[in-house]
Amino acid sequence: MRIELGDGAVLDTYVAKTSPELTMPPRPAVLVLPGGGYSYCSAREAEPVANLYRAAGCNAFVLYYRCGKDIASCPIKFKAPLIDAARAVDHIRSHAEEYGINPHQVAVTGFSAGGHLAGWLSANPGDPDLEGLDCRPDAMLLGYPVVSGVTSPNLGTFRTLLGSDNPPRNELEKFSVEHMITPDTPPAFIWHTADDGCVPVQNSLLLAEALSANGVPFELHIFPHGPHGLSVATGETSPRGAEMLYDDPYVARWTQMAVKWLLRTFGRKC
């Protein structure tokens, strides 16, 4: 089912049917934020990721947030993706009974630029532009996330988000997730590859350092090799013609690790 959240943002739902035969308590919810450098939302990091968490007993949702020129058209400067993500979490919580989910077990997962958005949302529930929205995730799972616009940056992502080929340093710092972390940030699962040639692994290391400094629980996995954009690292999510690089069972172990971490974080059997 597709939900229109307004202003062009849409939410696809992957929700298990209920039945009197089933006695499972309300499920955790996982909101998927695909990457794409804030230029588009990658299909490779959308439904396949939702299916991963759906198979693990969660209800999943994929947000196609505003990207590219739609960011610039937002009256609140630069914040269209953040507002869309906040509305999505608020929608999921406000429809918890309908979706059969536990409103206190709403996680957000993001990849690359979607990882930046997941971290941004998780660290800023008190943003005045999000007033009235129940949008703080209870956990975040980030894959090869863009984190910093200053140290080991992926400037293409920030240029698109900020609408400038040469964003000023103060803006880059403002939108760097490592500077947003507080003791109230929810727990995190992070994974990356050490030789990621697009988003340097230092992004995840900086985030882990910031979480540690603020006493926020986290789990970090760095795999030695693998290209950027691995998604679930199977043939299903491999770009055409690049299966040898992206279909990687060794790195694909992150999916099992993430599911077990999430269920344990939410006090469920894993």
Side-chain angles (χ1 to χ4, degrees), residues 1-3 8-15 29-56 58-68 70-71 81 84-85 88 107-121 140-147 154 156-158 160-161 189-201 203-204 221-259 262:
M1 181 171 63
R2 173 158 285 192
I3 307 295
V10 296
L11 186 70
D12 283 353
T13 66
Y14 299 80
V15 176
V30 179
L31 174 65
V32 181
L33 303 175
Y38 284 123
S39 294
Y40 69 103
C41 289
S42 172
R44 296 175 50 252
E45 297 162 347
E47 185 174 17
V49 178
N51 288 338
L52 162 69
Y53 290 103
R54 177 76 173 72
C58 303
N59 281 335
F61 305 81
V62 176
L63 175 65
Y64 295 92
Y65 50 90
R66 284 173 285 176
C67 296
D70 290 333
I71 296 176
D84 294 344
V108 61
T109 183
F111 300 81
S112 193
H116 176 269
L117 179 54
W120 186 10
L121 175 67
M140 59 175 168
L141 304 98
L142 312 182
Y144 41 89
V146 174
V147 172
N154 178 264
T157 297
F158 286 94
T160 302
L161 176 64
F189 177 96
I190 311 162
W191 73 275
H192 216 124
T193 57
D195 58 358
D196 187 321
C198 181
V199 176
V201 69
N203 281 265
S204 287
H221 295 274
I222 306 295
F223 297 94
H225 301 295
H228 186 72
L230 278 161
S231 184
V232 296
T234 65
E236 178 189 11
T237 56
S238 297
R240 190 171 300 169
E243 288 81 3
M244 291 292 290
L245 289 174
Y246 287 80
D247 187 355
D248 189 334
Y250 187 82
V251 178
R253 295 179 305 153
W254 80 260
T255 59
Q256 301 169 28
M257 296 171 180
V259 165
L262 181 63

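Remember, it's a predicted structure, so these values are computed and weren't measured experimentally. Heavy-atom basis, side chains included; hydrogens, waters and symmetry copies ignored.
Under the salt bridge (charged side-chain N to carboxylate O under 4.0 Å, His left out) criterion, R2 pairs with D12, not counting sequence neighbours. Checked against ring pair (Phe, Tyr, Trp, His ring centres under 6.0 Å), Y53 has no partners two or more places apart in sequence or in another chain. Here H192 pairs with nothing under the ring pair (Phe, Tyr, Trp, His ring centres under 6.0 Å) rule; sequence neighbours left out. D84 is linked by a salt bridge (charged side-chain N to carboxylate O under 4.0 Å, His left out) to R66, counting only residues two or more places apart in sequence or in another chain. Taking F111 as the reference, Y144, W254 meet the ring pair (Phe, Tyr, Trp, His ring centres under 6.0 Å) condition, with sequence neighbours excluded.
When side chains are defined from C-beta on, V251 counts as touching W191, because their heavy atoms get closer than 4.5 Å. When side chains are defined from C-beta on, S231 counts as touching V49, because their heavy atoms get closer than 4.5 Å. Using a 4.5 Å heavy-atom threshold, the side chains of F223 and R253 count as touching. Side-chain contact check for D70 versus C67: every heavy-atom pair is 4.5 Å or farther apart.
Across every non-hydrogen atom of L141 and A107, the tightest pair is CD1-CB, 4.0 Å. For the residue pair Y250 and P224, the shortest heavy atom distance occurs at CE2-CD, 4.1 Å. Closest approach of I222 and T193 over heavy atoms only: CG2-C, 4.5 Å. The shortest non-hydrogen separation linking P48 to V232 is O-CG1, 4.3 Å. When every heavy atom of A113 is checked against every heavy atom of Y65, the shortest pair comes out as C-OH, 4.4 Å. Residues H228 and S112 come closest through the heavy atom pair NE2-OG, 2.9 Å.
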Pair up each side-chain donor or acceptor in residues 30-43 with any protein partner under 3.5 Å, not counting sequence neighbours, and list the distances.
| unit_1 | atom_1 | unit_2 | atom_2 | d |
| --- | --- | --- | --- | --- |
| Y38 | OH | H116 | ND1 | 2.8 |
| Y38 | OH | L117 | N | 3.4 |
| S42 | OG | R44 | N | 3.2 |

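Annotation: the span from M140 atom CE to I190 atom CD1 amounts to 6.5 Å, rounded to 0.5 Å. Atoms CE and CZ, on M1 and F61 in that order, are 8.0 Å from each other to the nearest 0.5 Å. If you take CD on E45 and OG1 on T109, they are separated by 9.5 Å, rounding to the nearest 0.5 Å.
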For S204 and L142: C-alpha separation, side-chain torsions, deciding distance, then whether side chain to side chain contact (heavy atoms under 4.5 Å, CB included) applies.
CA-CA 9 Å; S204 287; L142 312 182; over 6 Å; no

Between V62 and Y14, does the side chain to side chain contact (heavy atoms under 4.5 Å, CB included) criterion hold? Intermediate values first, please.
CA-CA 8 Å; V62 176; Y14 299 80; 3.7 Å; yes

Determine whether V201 and D196 satisfy the following criterion, side chain to side chain contact (heavy atoms under 4.5 Å, CB included), listing intermediate values before the conclusion.
CA-CA 6 Å; V201 69; D196 187 321; 5.6 Å; no

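At distances below 3.5 Å, not a single donor-acceptor pair connects side-chain atoms of N203 with backbone N or O atoms of V146.
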